**Student:** 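Structure in structure tokens, see below.
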There are 2 protein chains.
Amino acid sequence: MARSVAPRGSARTRVIEAALVQFAEYGVNGTSLQMIADHLGISKASVYYQFHSKDEIVLAVIRPVFAEIDQLITEVEMLPAGAPRREATVAGLVEMAIRHRRVTAIFYGDPGIDHLVSSDPDCSGINERFKRVLAMAEEDVATRVAMSLAISGIYGSAMDPGIADISDEELREALLQCAKRLVG
Amino acid sequence: MARSVAPRGSARTRVIEAALVQFAEYGVNGTSLQMIADHLGISKASVYYQFHSKDEIVLAVIRPVFAEIDQLITEVEMLPAGAPRREATVAGLVEMAIRHRRVTAIFYGDPGIDHLVSSDPDCSGINERFKRVLAMAEEDVATRVAMSLAISGIYGSAMDPGIADISDEELREALLQCAKRLVG
DNA sequence: GTCTATATGTTGATAGAC
DNA sequence: GTCTATCAACATATAGAC
């Protein structure tokens, strides 16, 4: 390893992190490159040196999230379909929601992200895979609704300012308890 | 009643309805006045004849929703605090989510709307009142999380395309069942 | 009530100096 | 890698004719 390690907070990484924060607060369509640049104290052109377009920034932000979902799918696919798989899925989503808390959550339902996800092969592929693993042989209306409510509820409550005072550990426990009541 | 009745689809009403549809699909920040005008087959200037600004359109769209929430609060406030009030609240929200299905839902979490709500006295007042009636004397972490998850889950699942094939009646029943398991 | 035309600012994005 | 300067496209919003 003669080559020196990339600085801990590389310019590229800082752009991604600044974008993440602003996207979470103002949404993708409500966040301009000027806002991201101002937040970093640099110019728009410097942001464009790292990314060719806004879409590239958005993709760089959501890619790790989709990678996590992809891994979660792989894990739950090894479980038998039905209740065990459902329970592992919501438990995994609770971990993700806690880990990112109030940040990842925004992406669930952001129209600016939805559009980009649809046009990106990798993301939409994972998206389809996720939907497939969830709907697998599920004819039961009650179960399908419960899963849908659990997923959007987990993300929605993780970012709810009204319960922001609750610690990660307490929130995780409470969410798992809710999930168990819904799909267990 | 010498004066003739306003046409069923007045120009103003049509603008509101067109905005509602587009806001739900693209978000407030992702919807331009040009898009609304095009959707109605009229010009931007005609839209501005009905509303002085985009914010006015957004307010006109969300006001009825907040009026419904206001009424719901008044109803549940007459109930004893605790479980009975919580159950009535989620039941009322289920009715609202079903009634609007896939439309009202977007407003829950749209950054463009959140910002406007905060700056509008009426809306933010109702918002505060709603939060107060929910948090009333609730120290129990599990209950607070369950309520948060139920609320965002109800709205989120009502707009979930993955369960759009389920009829309103079936969805209402399934959501009420979920709500009961969470807060009952 | 609707239109065309326009004013004014902001957006995403590029060129080129340092 | 960062900057200033600039672009075309689009945003909200207004003026005034019909």
Side-chain angles (χ1 to χ4, degrees), chain A residues 3-23 25-62 110-120, chain B residues 3-23 25-62 110-120:
Chain A
R3 187 164 61 85
S4 67
V5 192
R8 201 156 46 96
S10 72
R12 191 184 159 91
T13 303
R14 271 179 304 176
V15 169
I16 293 177
E17 281 168 1
L20 192 67
V21 173
Q22 312 245 87
F23 288 167
E25 178 144 17
Y26 306 107
V28 170
N29 287 328
T31 304
S32 67
L33 296 192
Q34 187 69 66
M35 288 164 71
I36 295 173
D38 289 350
H39 192 260
L40 290 169
I42 61 176
S43 70
K44 268 194 302 179
S46 294
V47 176
Y48 271 104
Y49 177 79
Q50 309 287 344
F51 300 92
H52 303 55
S53 70
K54 186 179 180 182
D55 279 1
E56 266 191 35
I57 300 178
V58 178
L59 274 177
V61 166
I62 65 177
D110 187 305
I113 300 225
D114 289 351
H115 178 259
L116 192 60
V117 165
S118 302
S119 65
D120 181 76
Chain B
R3 187 165 59 85
S4 67
V5 192
R8 201 155 45 96
S10 72
R12 192 184 159 89
T13 303
R14 270 180 305 177
V15 169
I16 293 177
E17 281 168 0
L20 192 68
V21 172
Q22 312 245 85
F23 287 167
E25 179 144 18
Y26 306 105
V28 169
N29 287 327
T31 304
S32 67
L33 296 191
Q34 187 70 68
M35 288 164 71
I36 295 173
D38 289 350
H39 192 259
L40 289 169
I42 61 177
S43 70
K44 271 192 300 179
S46 294
V47 176
Y48 271 105
Y49 177 79
Q50 309 287 343
F51 300 92
H52 302 55
S53 70
K54 186 180 179 181
D55 280 1
E56 265 190 36
I57 300 179
V58 178
L59 274 177
V61 165
I62 65 177
D110 186 304
I113 300 225
D114 289 351
H115 179 259
L116 193 59
V117 164
S118 303
S119 64
D120 181 75

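The chains referred to below are lettered A, B, ... by the order of the sequence lines, with proteins before strands, and numbering in each begins at 1. Keep in mind that the numbers below use all heavy atoms, side chains included, and drop hydrogens, waters and symmetry copies. Owing to the predicted nature of the structure, the values given are computational and were not obtained by experimental measurement.
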**Student:** For B:V28, does its backbone N or O pair with a side-chain atom of B:D110 as donor and acceptor, under 3.5 Å?
**Tutor:** yes
**Student:** Please identify each residue that fulfils side-chain contact (heavy atoms from CB on, under 4.5 Å) with B:L59, with sequence neighbours left out.
**Tutor:**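 Listed in chain order: B:I62, B:R63, B:L116, B:D120, B:C123.
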**Student:** Quick one, give me the B/S/- string for nucleotides 8-13 of chain C, reading 5' to 3', where B means a protein heavy atom under 4.0 Å from the base and S means that only happens at the primed atoms, P, OP1 or OP2.
**Tutor:** ---SBB
**Student:** What are the bounds, 5' to 3', of the part of DNA chain D that sits under 4.0 Å from heavy atoms of chain A?
**Tutor:** D:dG1 to D:dT4
**Student:** Show every donor-acceptor pair shorter than 3.5 Å between a side-chain atom in residues 39-51 of chain B and any protein atom, with sequence neighbours excluded, or say none if there are none.
**Tutor:**
unit_1, atom_1, unit_2, atom_2, d
B:S43, OG, B:S46, N, 3.4
B:S43, OG, B:S46, OG, 3.3

**Student:** Under the side chain to side chain donor-acceptor pair (under 3.5 Å) test, which residues partner B:Q34, sequence neighbours left out?
**Tutor:** B:D38
**Student:** Using side chain to side chain donor-acceptor pair (under 3.5 Å) as the criterion, list what pairs up with B:E56, not counting sequence neighbours.
**Tutor:**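 Result, side chain to side chain donor-acceptor pair (under 3.5 Å) vs B:E56: B:H52.
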**Student:** Check side chain to side chain donor-acceptor pair (under 3.5 Å) between B:D55 and all other residues, then give those that pass, not counting sequence neighbours.
**Tutor:**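 By the side chain to side chain donor-acceptor pair (under 3.5 Å) rule, B:D55 matches no residue at all.
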**Student:** So, using side chain to side chain donor-acceptor pair (under 3.5 Å) as the criterion, who are the partners of A:E17 when residues are at least two apart?
**Tutor:** none
